[in-house]
Protein chains: 2
Amino acid sequence: MNVQTEPVKQGRKHAQVLEGARTVFLRDGFEGASVDDIAKSAGVSKATLYSYFPDKRILFMEVAKAECLRQEEMTDMMVEMNSDPNVALRHAATSMIRLFVSNFGKHVFRVCVAESDRFPELGREFWESGPARVRARMIDFFNDAIKRGQLEIEDCDLAADQFAELCKADLFPKMVFGIQEEFSDAEVARVANGAVDTFMARYGTKRAG
Amino acid sequence: MNVQTEPVKQGRKHAQVLEGARTVFLRDGFEGASVDDIAKSAGVSKATLYSYFPDKRILFMEVAKAECLRQEEMTDMMVEMNSDPNVALRHAATSMIRLFVSNFGKHVFRVCVAESDRFPELGREFWESGPARVRARMIDFFNDAIKRGQLEIEDCDLAADQFAELCKADLFPKMVFGIQEEFSDAEVARVANGAVDTFMARYGTKRAG
DNA sequence: CCCTATATAAACTGCACAGTTCAGTTTTTT
DNA sequence: AAAAAACTGAACTGTGCAGTTTATATAGGG
C-alpha cells in the first residue's frame, strides 16, 4: 500500500534538472535546446536527466506547466482593486505592461508561438493559467465598478480584451519583432496612461475619477 | 560588362523554387521545413534548388523578402480614407482584422516570432514593410481629420498604435495561442465596431460622425 | 551530329543530436 | 560497515537532415 502521490521518481536532483531545463528552454526554445546543454546547465549527467524524464518532450511539458504555476503567483497585479477605476486601472495597466515586456513574458510568449505546432495544448494551457485569469479578475472589477456607477459597459468581455490590448500599444510589437529590447519607465507610463485614458473615455461615467 | 542586377542566378525554375519554398516555410517554419520537402513541393531536384540558392538560410530570407513585398501590395485597406472617420475607420478596422487573422498573417507572424533568434532582421523587415506602412498611412489620415476638426489627438503615434491593438482584441490571442482557427464575420464585426467606438470615444469630436 | 546549358535522380558525406548502456563512484539507508 | 539507491562520465547507436557528387537525360545552336 505504498501511497505514491508523484508518478515521477524522487531524488535529489529533480528540481535541479527542471531549473536547468527552464533556463535552456526559455533561452533556446524546444528545437534549439539540446539535451546535453540542459544536462550541463543543470549540473547533472545526461543519464540522471533521463532517469527523471524519459524524453525531451515530457521534460519540456513539465517546465511549461511549472512556468504556468509561477505565472499564477505573479497575479497580484490587482491588489489595489479598490474604489476609483482611474487609480486601479492605471496600476493594473502598469503591472500588465511590465509583465509582458519582461524577459519572462517575452520568452514564454515566444516559446508558445514557436512550439504551437508541436504542442498545441501549450498555448491553450498558458492562456488559461495566465492571461485568462487576469481577464476574469478584470471582469469582476468591472462588474463591481458598474454597480457603483463608476463604469458603464455593455460587453464586459470585449472591454477586458480591449483594455489588455491597449496596454500592448507600441511596446508589444516592438518587443515581438525585436526592434527594441528594454523599455524605460517613461515609455511604460506613457502607454499605461494612454490605455486608461482611452478606456475611460469610452466606459467611464461622470462619477468616476 | 555583364550587367547583372540580380546576384542570384536566374533561370526557368527560379520562381518555381521560391513558390515551393514559400509553401513549405509558411507551413512548417524554418527548422520544420526540410530542403527535400521544398524541392519536392517545387517539383525540382535538390541539385537544381541548390544551384539557385546556395543554402537554406538564403532561400528563407528570399522567401521572407518576397512575402514582405506581397504584403505591401495588399495595403489597399485605406482606399476609403475620405471624410467621415466613423466610416473610414470601420472599414480600416475590418480590413486589418481580416488580414492578421488570415492564414497568411498567422503564418508570417509565427515564423517571425519563432525565427527571431536565428534571423533578427526578419521581424524588423516585416514590421517595416507591413505594419509600419499601415501605421504611417493611419497617421496621415489622423492629421487630415484633425485639420477638418473631426478628430482631436495629442499623440498621433500612440493613437495609431492603440487603434491597431484595439483591432486585435479577443481574436488575436485566440489565434496566436491556438484556441480558435476560423473567425466568423460576426466576430470580426463585433471587434471592429468595438475598436472604432472606443477609439472615437476618446479621439472623436462632435463634428465627427 | 556534336557541344554546351541546364535539369534530374539517387547515392553519399558529415554532422548534430536524442536516447542508451555501462562500469565505476557517491550518497543514503539500515 | 554493508547494502541499496542515486549519480557520473564517456562512449556508443541510430536517425534526420543540410549540402555534395555523380552518372544520366534533354534541348537548342552552330
*Please give, in whole Å, the distance from D/dA18 P to B/I58 CD1?*
15 Å
*asked:* Rounded to whole Å, how long is the line connecting atom NZ of A/K40 with atom P of D/dA10?
replied: 11 Å
*What closest approach, in Å, do B/P173 and B/K168 show between heavy atoms, and which atom pair accounts for it?*
CD-O, 3.5 Å
*Once you round it to whole Å, what is the distance between C1' of C/dT8 and CD1 of B/I38?*
18 Å
*Could you tell me how the ring of A/F25 sits relative to the ring of A/F30: parallel (under 30°), tilted (30 to 60°) or perpendicular (over 60°)?*
parallel
*Rounded to the nearest Å, what distance is computed from the NZ atom of residue A/K13 to the P atom of nucleotide D/dA5?*
18 Å
*Classify the nucleic acid contact of B/G32 as base, sugar-phosphate or nothing, counting any heavy atom under 4.0 Å across all strands shown.*
nothing
*asked:* Regarding A/A33, tell me which of base, sugar-phosphate or nothing describes its non-hydrogen contacts under 4.0 Å with the strands shown.
replied: sugar-phosphate
*Quick one: A/E31 CD to C/dA16 P, roughly how many Å, whole number?*
16 Å
*A/A47 or A/D36: which one's nearest nucleotide on DNA chain C is closer to the 5' end?*
A/D36
*Between D/dA18 (C1') and B/F30 (CZ): distance, integer Å*: 10 Å
*May I ask you to evaluate whether B/Y52 reaches the phosphate of C/dT6, defined as a side-chain N or O under 4.0 Å from OP1 or OP2?*
no
*asked:* Nearest whole Å is fine: how far is D/dT20 P from B/L49 CG?
replied: 12 Å
_Tell me if a side-chain donor or acceptor on B/K65 pairs with a main-chain N or O of B/E125 at a distance below 3.5 Å._
no
*On the 0 to 90° scale, with breaks at 30° and 60°, tag the B/Y52-B/H14 ring pair as parallel, tilted or perpendicular.*
perpendicular
*Report the base-pairing partner of D/dT26 (Watson-Crick or G-U wobble, both distances below 3.5 angstrom), or none.*
none
*Where the side chain of A/R12 is defined as all heavy atoms beyond and including C-beta, which of D/dT8, C/dT27, C/dG19 is the nearest nucleotide?*
C/dT27
_Any B/S45 side-chain N or O less than 4.0 Å from OP1/OP2 of C/dT8_ = yes
*asked:* For D/dG19, does the base pair up with any side-chain atom of B/K46 as donor and acceptor (N or O, under 3.5 Å, distance only)?
replied: yes
_Rounded interatomic separation in angstrom, taking OH from B/Y50 and C1' from C/dA9_ = 16 Å
*With the side chain of B/D55 defined as its heavy atoms from C-beta on, choose the nearest nucleotide among D/dG19, C/dT8, C/dA18.*
D/dG19
*What's the spacing between B/R202 CZ and B/L166 CG if we round to 0.5 Å?*
11.0 Å
_Among D/dA18, C/dA18, C/dT8, the one nearest B/V44 by side-chain distance_ = C/dT8
_Where the chi angle of D/dA11 falls, syn if within 90° of 0 and anti if not_ = anti
